Amino acid sequence: MQYWLMKTEPDECSIDDFAATPDQVIRWDGVRNYQARNFMRDMAIGDEVFIYHSSCAKIGIAGIVRVTRTAYSDPTQFNPESAYFDKRSKPDNPRWDAVDLKFMRKFARILTLDELKNVAELADSPLIQKGNRLSVIPFSKVERDSVLVKV
DNA sequence: GCCAACGTTGGC
DNA sequence: GCCAACGTTGGC
């Protein structure tokens, strides 16, 4: 079992979108950063993922989802209609991957970025480092547990 | 809306 | 393979 955090703008996809369809998977596509993609390729079925709301009024961790399908070719990269279209990606050698996720839990409140900055166990996480734009971040069990006790 | 930080691109 | 220019992320 591994632990992760994924950033999302809640206007695009929020913990409420997962909670609204708890029996359905949501495809996490549109990741266009190699480091983030490589982390997605390390995900296993059952891994827990913190959902982090960014670029919004209430920034922070909103809940947990679970990986239900490991990395596969992200279909949006081949769709010219998609905002995530990548004309340089070839079907016989796709650049970008998606995973499928399913709702686990919505926190009673958002764990705000300000709070997370004060969690000693997260001091070394890219999550709270200024200027870090990594959208898929691995969490150790210690880091994950340090978040859960705050809920 | 601003802008610092950072990743990617492409000319050389 | 260097690096300037550019585009994007994301907190504020």
Side-chain angles (χ1 to χ4, degrees), chain A residues 2-20 25-43 47-67 69-101 103-140 142-151:
Chain A
Q2 296 178 97
Y3 304 99
W4 308 92
L5 177 144
M6 290 173 121
K7 296 178 185 174
T8 176
E9 297 187 17
D11 287 350
E12 305 267 330
C13 179
S14 77
I15 194 69
D16 290 321
D17 294 317
F18 283 98
V25 301
I26 289 181
R27 188 179 70 215
W28 199 270
D29 55 27
V31 172
R32 295 294 180 266
N33 169 283
Y34 289 105
Q35 199 180 354
R37 181 205 66 183
N38 292 342
F39 281 134
M40 288 172 76
R41 289 181 173 177
D42 289 337
M43 290 180 176
D47 283 2
E48 291 180 13
V49 181
F50 285 125
I51 294 296
Y52 176 90
H53 290 173
S54 69
S55 299
C56 60
K58 193 79 176 173
I59 296 166
I61 300 177
I64 306 176
V65 299
R66 191 189 290 284
V67 176
R69 183 180 174 189
T70 55
Y72 60 99
S73 175
D74 176 353
T76 65
Q77 69 195 305
F78 303 122
N79 177 6
E81 308 294 312
S82 170
Y84 302 123
F85 179 62
D86 182 351
K87 65 176 190 296
R88 297 162 308 175
S89 186
K90 302 297 173 226
D92 58 350
N93 186 22
R95 287 189 178 198
W96 307 116
D97 284 6
V99 294
D100 286 351
L101 304 172
F103 180 71
M104 269 191 72
R105 170 177 185 194
K106 178 184 174 179
F107 294 161
R109 63 189 188 87
I110 302 274
L111 299 182
T112 67
L113 178 58
D114 272 351
E115 283 179 90
L116 298 171
K117 285 176 177 171
N118 288 319
V119 175
E121 290 86 345
L122 297 181
D124 293 330
S125 174
L127 177 65
I128 62 163
Q129 281 159 19
K130 187 184 178 192
N132 197 293
R133 303 182 301 171
L134 189 59
S135 63
V136 179
I137 297 174
F139 265 45
S140 68
V142 168
E143 289 172 328
R144 173 259 198 180
D145 290 347
S146 74
V147 169
L148 283 185
V149 297
K150 298 284 180 183
V151 179

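Everything numeric here is computed off the predicted structure, so don't read it as measured data. Order of the sequence lines sets the chain letters (A, B, ...), proteins ahead of strands, with each chain counted from 1.
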Handout entry: Atom-pair distance (CZ on A/Arg133; P on C/dG7), nearest Å
Key = 13 Å
Practice task
Would you please confirm or rule out a distance under 4.0 Å between OP1 or OP2 of B/dT9 and any side-chain N or O of A/Tyr34?
Solution key: no
Practice task
Could you state the atom-to-atom distance from CD of A/Glu115 to P of C/dG11 in whole Å?
Solution key: 15 Å
Handout entry: Approximate separation, where rounding is to 0.5 Å, of A/Ile26 CD1 and A/Phe18 CZ
Key = 4.0 Å
Handout entry: Heavy-atom side-chain proximity of A/Val136 to A/Asn33 below 4.5 angstrom
Key = no
Problem - Spacing between A/Leu116 atom CG and C/dG11 atom P, to the nearest angstrom - result: 11 Å
Exercise for the section: Return the value, rounded to whole Å, for the distance between atom CZ of A/Arg88 and atom P of B/dT8. Expected result: 10 Å
Problem - Short side-chain N/O contact to C/dC12 OP1/OP2 from A/Lys117, under 4.0 Å - result: yes
Handout entry: A/Glu9 CD - C/dT9 P separation (whole Å)
Key = 8 Å
Problem - Rounded distance in Å - CD (A/Gln35) to C1' (B/dT8) - result: 14 Å
Exercise for the section: Could you tell me whether A/Arg27 and A/Asp29 make a salt bridge, using a distance below 4.0 angstrom between a side-chain N and a carboxylate O? Expected result: yes
Exercise for the section: May I have the distance from A/Lys130 (atom NZ) to B/dC2 (atom C1'), rounded to whole angstrom? Expected result: 13 Å
Exercise for the section: Report yes if at least one side-chain N or O of A/Lys7 is closer than 4.0 Å to OP1 or OP2 of C/dT9; otherwise report no. Expected result: no
Completion exercise
When rounded to whole Å, the NE2 to P distance for the pair A/His53 and C/dT9 reads 17 Å
Practice task
Check whether the side chains of A/Thr76 and A/Asp74 place a donor and an acceptor atom closer than 3.5 Å, and report yes or no.
Solution key: yes
